[in-house]
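Quick note on labels: first sequence line is chain A, next is B, and so on, each numbered from 1.
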Number of protein chains: 2
Amino acid sequence: MELRQLRSLVTLADSGFSVSRAAQQLHLVQPAVSQHLRLLEAALGTPLFLRHGKRLVGLTEAGQQVLRHARSVLAEVGNIVAVGRDHVEEARGVLRIGTTHTQARYVLPPVLIAFKRAYPEVEVQIHQGTPAQLVEMALADRVDLAVCTEAVGEHDALITLPSYRWNRCLITTPGHPLLQRRPISLGALCEYPMITYVFGFTGRTSLSQTFAKVGLHPRVVLSAADADVIKTYVRSGMGIGIIADLAFHTEHDRDLERRDLSHLFPWEVTRVAYPRGKYVRRFQQRFIDLFQQQADRIGRGWGAGRLGAVVAEP
Amino acid sequence: MELRQLRSLVTLADSGFSVSRAAQQLHLVQPAVSQHLRLLEAALGTPLFLRHGKRLVGLTEAGQQVLRHARSVLAEVGNIVAVGRDHVEEARGVLRIGTTHTQARYVLPPVLIAFKRAYPEVEVQIHQGTPAQLVEMALADRVDLAVCTEAVGEHDALITLPSYRWNRCLITTPGHPLLQRRPISLGALCEYPMITYVFGFTGRTSLSQTFAKVGLHPRVVLSAADADVIKTYVRSGMGIGIIADLAFHTEHDRDLERRDLSHLFPWEVTRVAYPRGKYVRRFQQRFIDLFQQQADRIGRGWGAGRLGAVVAEP
DNA sequence: CGTTCTTACGTGTGTCGTAACGATC
DNA sequence: GATCGTTACGACACACGTAAGAACG
């Protein structure tokens, strides 16, 4: 059995069982990949593929089991080359971060500036996506680290490091009648058209649940993926806004009124996640450290002491 | 990077950093292994080995990390071939069981008879050892399954399936004065010279602790690794014996008196263990099932219902 | 008839074994 | 000087690419 053969198997499965496409992706010609698959089958002595004539259309039970283990093998091989790179050129490489708009816009900038100062040679890529997409990206090794709030944390194939907690605030145009209510209640919020995040995004799920739990149903006239869009429509008088507290800029948003709503909604926890068993390069670890420090600076960090212990887990 | 190279690395580390011995173990000549190691280093671009002149004497930090991941790779490759074998010749292979004397002598026989009936083509090997050795054997893949009571269960690199619980009994020559005491107390036991298991064997550790906890120190005049030896010396009048209850044969040991002691000592749990992440072949799974059934038959089994869930864990 | 995989064949790389040399205890 | 490792070299194997052929829609 050879690594090439396992690579061909995995690539085949990932490309919808098209040998040609797999070959293309592997920078090989198609007969080579065919041979890999044939030799792998021969080496194991049992059919791995379901065939329609000559076409491969799926995996036998044995094939599925082999595929799972083959992925592990290749993941570990990837870890080995990562170890190598880490010692050859500690300060060079690519850091692929998957995150939501909110993080990218309001939390990551200072972290990335600090990181760039420490590792000027590391190329940083920011890939945006929904929390669900981020989980999938992390698991498929399309990003190195996922930074987000929802969805992550349930998948036990991911190691997640709680970083900081946050809650929502209300934003309105100045002089809005709602500002007079003290304290502001869930019911009061429902009296006005609301603008907030898209479902499944930046705490929207638990926000909706909070209303639903007491039988309230806010009239959401617009939902957006990021706070900037929400602010824009709040400014235009379309309704009141509920956004992550940290998305409010005291300077730039001087034309809006803000009220804390942390007494109404559960606290959300933003985490850094990466696949269990994956080797974390030093500069990646450094990024995580910087992110946690930034979290502490926001004042709602998870504390720095415990970080080491959690990170040492794998 | 090639699997050969990783194999050479792992074998080198396992043979005390002797390239010649590693080569011998791999059925290769030394220059071949030397080349593997050199190419691996070259592929990763960083030194992996500490050298005294030409001799390899250890691993660099990078080398140690690579070694860990290389072991994972080879373990997964092993799993792949195991999957293959399982589908090619489901009922053929080798089942290597590591266990203590007590299990081998008093618990396993009926299980193995049933197993042999189900899988006559499978070669069964019984390797005896101390619980600590068994853990090491399981982790080093020198046995497939470890069946024992102590030590196992703490190592979280092992998956352990609780199978049955047992306690001790007292054995004496007929007419021994101790038999009159009802109930028998820890203090009473200490009045006579005692013969029991060697420390770290078959529940001896927690037995000693039970005495120590109440400030008692039994006079152990002889300690042995198995109940047969203990019985022999009890028969010769050397002292009273404390053995695992299931080691008492109502027929063969008619010349000895037995008293249950489960009111004095904690219950022990015997487990089946195998390395986490290791593929369990079908006949191995079948053996585990049979063992659990036997445990139920003894009457102190852990119940069969939960077994499936635990087994499904990996 | 294009797409897709297989078979056949040649070339070049590379792996392993043999053999001779160097280093270390 | 015996052991252990490296270097050198040749034979064999094999992996990949090219090219032509067969099945499928």
Side-chain angles (χ1 to χ4, degrees), chain A residues 1-60 62-63 66-67 70 73-74 77 80-81 84, chain B residues 1-60 63 66-67 70 73-74 77 80-81:
Chain A
M1 183 188 324
E2 297 291 327
L3 287 176
R4 305 180 261 289
Q5 299 166 4
L6 301 181
R7 261 188 274 269
S8 288
L9 170 65
V10 170
T11 309
L12 179 79
D14 287 345
S15 59
F17 292 92
S18 160
V19 180
S20 344
R21 233 176 305 160
Q24 193 169 324
Q25 204 163 329
L26 290 165
H27 306 289
L28 291 172
V29 294
Q30 179 258 357
V33 175
S34 280
Q35 194 180 29
H36 292 169
L37 301 175
R38 194 157 31 83
L39 290 179
L40 182 60
E41 250 185 344
L44 298 181
T46 185
L48 301 176
F49 305 102
L50 301 173
R51 295 179 166 83
H52 272 352
K54 290 187 174 180
R55 290 240 194 338
L56 306 182
V57 295
L59 293 174
T60 63
V66 170
L67 175 63
V73 169
L74 297 184
V77 168
I80 291 178
V81 317
Chain B
M1 183 188 325
E2 297 291 326
L3 285 177
R4 303 179 264 289
Q5 299 166 5
L6 301 181
R7 261 188 274 269
S8 288
L9 170 65
V10 169
T11 310
L12 179 79
D14 287 345
S15 60
F17 292 94
S18 159
V19 181
S20 348
R21 234 176 304 161
Q24 195 170 326
Q25 205 162 330
L26 290 164
H27 306 287
L28 292 172
V29 294
Q30 292 128 335
V33 175
S34 281
Q35 194 180 28
H36 293 169
L37 302 175
R38 194 158 32 82
L39 290 178
L40 182 60
E41 250 183 344
L44 299 182
T46 185
L48 301 176
F49 305 102
L50 301 173
R51 293 180 167 84
H52 272 351
K54 289 187 174 180
R55 291 242 195 333
L56 306 182
V57 294
L59 293 173
T60 62
V66 171
L67 175 63
V73 169
L74 297 184
V77 168
I80 291 178
V81 316

With a 4.5 Å heavy-atom cut-off, do [X] and [Y] have their side chains touching?
X	Y	result
B:Gln30	B:Gln35	no
A:Val77	B:Met1	yes
A:Phe17	A:Leu59	yes

Seminar exercise, completed: Rounded to the nearest 0.5 angstrom, the OG1-CG distance for B:Thr11 and B:Leu74 is 7.5 Å

Exercise. Hey, what do you get for CG (A:Leu37) to CD (A:Gln5), rounding to the nearest 0.5 Å?
Worked result: 8.5 Å

Seminar exercise, completed: Nearest heavy-atom contact between B:Leu9 and B:Ala70 is CD2-CB, 4.2 Å

Exercise. Among residues 24-37 of chain A, which contact DNA chain C at a heavy-atom distance under 4.0 Å?
Worked result: A:Gln30, A:Pro31, A:Ser34

Seminar exercise, completed: One would report the end-axis bend of the helix from C:dC1-D:dG25 to C:dC25-D:dG1, five pairs per end and rounded to 10 degrees, as 30°

Problem set entry | B:Leu50 and B:Leu56: CA distance, side-chain angles, deciding distance, side chain to side chain contact (heavy atoms under 4.5 Å, CB included) verdict | CA-CA 6 Å; B:Leu50 301 173; B:Leu56 306 182; over 6 Å; no

Distance in angstrom units between [X] [atom1] and [N] [atom2], rounded:
X	N	atom1	atom2	result
B:Leu56	D:dG5	CG	P	7 Å
A:Glu2	D:dA13	CD	P	16 Å
B:His52	D:dG5	NE2	C1'	15 Å

For this session: Go through B:Arg51 and B:Arg55 one step at a time and tell me if the side chain to side chain contact (heavy atoms under 4.5 Å, CB included) criterion holds.
Result: CA-CA 5 Å; B:Arg51 293 180 167 84; B:Arg55 291 242 195 333; over 6 Å; no

For this session: Run the numbers on A:Leu28 and A:His36 for side chain to side chain contact (heavy atoms under 4.5 Å, CB included), then give the verdict.
Result: CA-CA 11 Å; A:Leu28 291 172; A:His36 292 169; 3.8 Å; yes

Exercise. Which two nucleotides bound the region of DNA chain C that has atoms under 4.0 Å from heavy atoms of chain B, read 5' to 3'?
Worked result: C:dT15 to C:dT24

For this session: Just do the side chain to side chain contact (heavy atoms under 4.5 Å, CB included) check on B:Ser8 and B:Leu26 with the steps written out, would you?
Result: CA-CA 8 Å; B:Ser8 288; B:Leu26 290 164; 3.7 Å; yes

For this session: State whether B:Ser20 places a side-chain N or O below 4.0 Å from either non-bridging phosphate oxygen (OP1 or OP2) of D:dG5.
Result: yes

